[in-house]
There are 2 protein chains.
Amino acid sequence: MTKEALSLKLHMRVADVLGMAILRGDYPAGTVLPPEMQLCEELGISRTALREALRGLIAKGLLESRPKRGTLVRDEVYWNHLDPDLLRWRIETTDTSTYLEKMFALRRATEPEAAALAARHALPENRAQLAADFQAMVDAGDDDAAWVEADLAFHRTVYLATRNEFFWPIGEMLAVSLRQMFSIAAQGSHRARAIAEHADLCSAIVEGKPDLARAASLTLLGNAVSDIDRVRTEGR
Amino acid sequence: MTKEALSLKLHMRVADVLGMAILRGDYPAGTVLPPEMQLCEELGISRTALREALRGLIAKGLLESRPKRGTLVRDEVYWNHLDPDLLRWRIETTDTSTYLEKMFALRRATEPEAAALAARHALPENRAQLAADFQAMVDAGDDDAAWVEADLAFHRTVYLATRNEFFWPIGEMLAVSLRQMFSIAAQGSHRARAIAEHADLCSAIVEGKPDLARAASLTLLGNAVSDIDRVRTEGR
DNA sequence: TGATTCTTATTTGTAATACAATATTACTTA
DNA sequence: TAAGTAATATTGTATTACAAATAAGAATCA
């Protein structure tokens, strides 16, 4: 068991190793993992640590275990693909270009509707937060890192402002995913246009105009598509 | 620790108890749970079982733990609200009428786009499955249970057929949620219309016509809204 | 006094061992 | 052959002991 990472606790490092192995395809769906005792030896850890790691993977839908039968990998259909850990394991094992496209398809489906819902149901504090996030984008100036963080915060706030908790995991997942994307390709292009678009979306939500918000979100995403393509061609 | 349920394994029953307690609001965000030893006594279980239950809840984003500091409840924003277990705990603790509306808002956002994606990317086996699911709806006749199951399978297949795994957890969650809904209010009304609408959606996807599929999904959902309202007024 | 460092105590984290429960497999028997 | 039964491997639970981390308080120093 190499210490490799900053995930302090042992069982979490073990979960990382096993999770990545599964995501990588080392154990296809239906496969049974090696018996606990054997895995303990291979990894050089106690059964306690291993089992706690397995419980985490089971909770995320990756595994399923029964006495005598063993611990087997469930069909991918049951995995919680929006889980931040899953996403992380995926990023570190599989090819990124394919999943960015899929991620964006989900975003395109949900974000305009989320914007409309936010315009309708957002609390005053949500609207204030959104305005603050937007202001941070403006204030970022030429600081790329600051701009990206503000951008991520802005879109995350949109999902939160729906006050519909079923939208939240999607927003969180997109935040993680987009951060990864931005770290690949440096930003800075079309920033003026981006600010104008975000301004439209922000005011539509703050002023409680659902249809305007949906439309603003759509145009914003429409333009972001080209950025995605740029990432896919340039970066990696 | 009462045996109460059919979840065979102890640590899973414990997870149910704690999960429901958290969902119910017994431990608001930021609260620290009682120390492990104390919880063990209260529940009458070993520390092993308790900790394995906690690892599961941590994996779902509900909890966070550190030495000395204790195990505390995270902000709801980080919970995996699409997780089947979370949904189940929620159904058994909180009021259903509120979340059905939210669930439907998510469905309205994602399903038309999922239908369009399915029409584009579905594998032959996906299309065959969808046709089979539709046929099962037709064959159900007056058998309410069979019809509901076929209906659930149909919509689940739509999400799978997108071949975009980020859509899958949503489809799974909706399946669980809709099953709960149907168990509240008996069905049977407008079945002829429902079959016609599903036929349109099915053929659009099978024949690979994205725009038609999206439109068919939208009309289908538009009519389903009234069913929801019916459920909310009649049932309970 | 105020800030800093050290000590202490509490809580989670990991290990090791033993046994129980369960389901597969193989065997036995009618 | 079929049904039932026993052997066996694997996960599930309990117990104990100790390690590690950190928050809080005590002691120290400027």
Side-chain angles (χ1 to χ4, degrees), chain A residues 1-19 21-22 27 29-74 78 85, chain B residues 1-19 21-22 27 29-74 78 85:
Chain A
M1 194 65 221
T2 60
K3 299 189 176 181
E4 70 177 61
L6 16 66
S7 18
L8 318 104
K9 300 159 202 172
L10 178 56
H11 63 260
M12 288 192 174
R13 295 198 314 254
V14 175
D16 277 5
V17 171
L18 293 177
I22 294 171
Y27 304 99
T31 308
V32 301
L33 298 185
E36 292 179 348
M37 302 287 273
Q38 185 175 331
L39 272 178
C40 290
E41 285 184 9
E42 292 180 4
L43 298 171
I45 60 173
S46 75
R47 221 184 134 205
T48 308
L50 174 67
R51 282 184 60 85
E52 293 197 358
L54 292 178
R55 303 277 48 116
L57 296 176
I58 290 173
K60 292 182 191 301
L62 292 182
L63 300 174
E64 184 180 15
S65 69
R66 287 192 194 166
K68 178 66 182 186
R69 195 187 185 189
T71 303
L72 53 86
V73 181
R74 296 180 76 194
Y78 301 107
D85 290 322
Chain B
M1 194 64 219
T2 60
K3 299 188 176 181
E4 69 175 66
L6 17 66
S7 20
L8 319 104
K9 299 158 201 173
L10 178 56
H11 63 260
M12 288 192 173
R13 295 200 313 255
V14 176
D16 277 5
V17 171
L18 293 176
I22 295 171
Y27 303 98
T31 308
V32 300
L33 298 185
E36 293 180 347
M37 302 287 273
Q38 185 175 331
L39 272 179
C40 289
E41 285 183 8
E42 292 180 5
L43 298 171
I45 58 173
S46 77
R47 216 182 138 208
T48 309
L50 174 68
R51 281 184 60 84
E52 294 197 357
L54 291 178
R55 302 266 69 102
L57 295 176
I58 290 173
K60 292 181 190 301
L62 293 181
L63 299 174
E64 184 179 16
S65 68
R66 284 191 199 168
K68 176 69 182 185
R69 194 190 186 190
T71 304
L72 53 87
V73 180
R74 297 181 76 194
Y78 301 107
D85 290 322

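Each chain gets a letter, A, B and so on, in the order its sequence line appears, and its residues count up from 1. Just so we're clear, the structure is a prediction, and the values are computed from it rather than from any experiment.
Nearest heavy atoms, B:K60 versus A:A59: NZ-O, 2.8 Å. Of all heavy-atom pairs between A:R47 and A:C40, the closest is CA-SG, 3.4 Å. Annotation for A:A53 and A:A15: closest pair CB-N, 3.7 Å, computed over non-hydrogen atoms.
Rounded to whole Å, the distance from CZ on B:R51 to C1' on D:dT15 is 15 Å. Distance, B:L50 CG to D:dG12 C1': 15 Å, rounded to whole Å. To the nearest angstrom, C1' of D:dA21 lies 14 Å from NE2 of A:H11. One atom, CD of B:E52, and another, P of D:dT13, lie 7 Å apart when rounded to the nearest Å. D:dA17 atom P lies 14 Å from atom CZ of B:R47, rounded to whole Å.
Between B:R55 and B:S65 there is a side-chain heavy-atom pair separated by less than 4.5 Å.
B:R66 places no side-chain N or O within 3.5 Å of a backbone atom of B:T71 that could act as its donor or acceptor partner. B:R74 contributes no side-chain N or O that, together with a main-chain N or O of B:G30, makes up a donor-acceptor pair within less than 3.5 Å.
Heavy-atom distances under 4.0 Å link DNA chain C to A:P67, A:K68 of residues 54-69 of chain A, given in residue order.
Between B:T48 and B:P35, the residue anchored nearer the 5' end of DNA chain C, judged by the nucleotide with its closest heavy atom, is B:P35. Between A:S46 and B:P34, the residue anchored nearer the 5' end of DNA chain C, judged by the nucleotide with its closest heavy atom, is B:P34.
Paired with B:L63 under the rule side-chain contact (heavy atoms from CB on, under 4.5 Å), one option of B:L18, B:L72, B:L33 passes, and it is B:L33.
Note that the CD atom of A:E64 and the CZ atom of A:R69 stand 5.5 Å from one another [nearest 0.5 Å].
Mapping heavy-atom proximity under 4.0 Å, the span of DNA chain C touched by chain A runs 5' to 3' from C:dG13 to C:dT24.
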